[in-house]
Peer 1: 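Take this structure, written in structure tokens, and hold onto it; I'll ask about it next.
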Amino acid sequence: MEKKKIKKFIFNPIYDKLIEEIQNKLKKIKSKKIKNKKYSYIGEIKNNLPNGWGKMVCINPNGTEGETKIGEFKNGKLNGKGYIKFKHDLEYIGHFNKDQHYEGRALWGSTTKKDKYHFGHEVYFKKNKKYGLAKIFKTVPGHSKPTTRYEGNVNSNIEPHG
């Protein structure tokens with residue numbers, strides 16, 4: 001019986017480079033701070049709102065920290081290149097329009113203490129599209145790196161389509 005070759009899973013480097021580009025922009029700006037009931041922000045400001053490059057930590061109604069938004073802001077909303085890291089294992093990276101993820105990568109999975117993924121999916125999508133392209137991955141016993149379990153079109157529930 002022939003052993004099936006396991007395909008190594010590799011994250012798309014385009015989005016890792018985008019994060020690096022955003023972090024480099026943040027190092028070069030003159031930062032100011034805003035703190036209110038909804039968020040704390042450090043970055044460029046115009047008319048007392050986040051405008052330009054910055055980092056916003058959202059505050060939940062119960063007073064705890066929520067998601068972190070990093071990138072280009074316009075009138076207090078993520079607008080342009082950026083990424084959002086949630087408190088659970090989900091992050092959006094790409095292009096935003098008024099805080100809405102417009103185009104890019106959604107990455108979800110179970111992470112270890114070293115921030116390595118055991119399983120999850122990396123989905124590429126565009127706003128208002130019902131289907132996207134996904135790579136679903138999992139760490140197989142005996143392998144230290146995640147392997148690709150499925151690669152192809154998925155619906156909005158990350159179920160294979162086509």
Peer 1: For N47, which residues count as a side-chain contact (heavy atoms from CB on, under 4.5 Å) partner, sequence neighbours excluded?
Peer 2: none
Peer 1: Using a cut-off of 6.0 Å, state whether more than 12 heavy atoms not belonging to I29 lie near its atom CD1.
Peer 2: yes
Peer 1: Quick test of your reading: applying salt bridge (charged side-chain N to carboxylate O under 4.0 Å, His left out), list the pairs with at least one residue in residues 52-66, sequence neighbours left out, ordered by first then second residue.
Peer 2: E65-K87
Peer 1: Show me the donor-acceptor pairs, under 3.5 Å and distance only, between side chains in residues 16-24 and residues at least two apart or in other chains.
Peer 2:
unit_1: D16; atom_1: OD1; unit_2: R105; atom_2: NH2; d: 3.4
unit_1: E21; atom_1: OE2; unit_2: K81; atom_2: NZ; d: 2.6
unit_1: Q23; atom_1: NE2; unit_2: Y83; atom_2: OH; d: 3.2
unit_1: N24; atom_1: ND2; unit_2: E20; atom_2: O; d: 3.3

Peer 1: What pairs with N60 under side-chain hydrogen bond (donor to acceptor under 3.5 Å, both in side chains), at least two apart in sequence or on another chain?
Peer 2: T64
Peer 1: Does any pair with a residue in residues 23-42 pass salt bridge (charged side-chain N to carboxylate O under 4.0 Å, His left out), and if so which ones, sequence neighbours excluded?
Peer 2: none
Peer 1: Under the ring pair (Phe, Tyr, Trp, His ring centres under 6.0 Å) rule, collect the residues that match up with F96, sequence neighbours excluded.
Peer 2: H101
Peer 1: Would you mind listing every side chain to side chain donor-acceptor pair (under 3.5 Å) that reaches into residues 68-79, with sequence neighbours excluded?
Peer 2: K69-D99
Peer 1: For residues I84 and I59: do they belong to one hydrophobic cluster (side chain heavy atoms under 4.5 Å, members Ile, Leu, Val, Met, Phe, Trp, Tyr)?
Peer 2: no
Peer 1: Could you list the residues that satisfy ring pair (Phe, Tyr, Trp, His ring centres under 6.0 Å) with Y15, not counting sequence neighbours?
Peer 2: Y124
Peer 1: Does anything in residues 32-72 form a ring-ring contact (aromatic ring centres under 6.0 Å, His included)? List the pairs, not counting sequence neighbours.
Peer 2: Y41-F73
Peer 1: Can you tell me how far CD1 of I42 sits from CE of M56, rounded to the nearest 0.5 angstrom?
Peer 2: 12.5 Å
Peer 1: Which residues pass the salt bridge (charged side-chain N to carboxylate O under 4.0 Å, His left out) test with K46, sequence neighbours left out?
Peer 2: none
Peer 1: Please report the closest heavy-atom contact between G52 and E44, naming both atoms and the distance.
Peer 2: CA-OE1, 3.3 Å
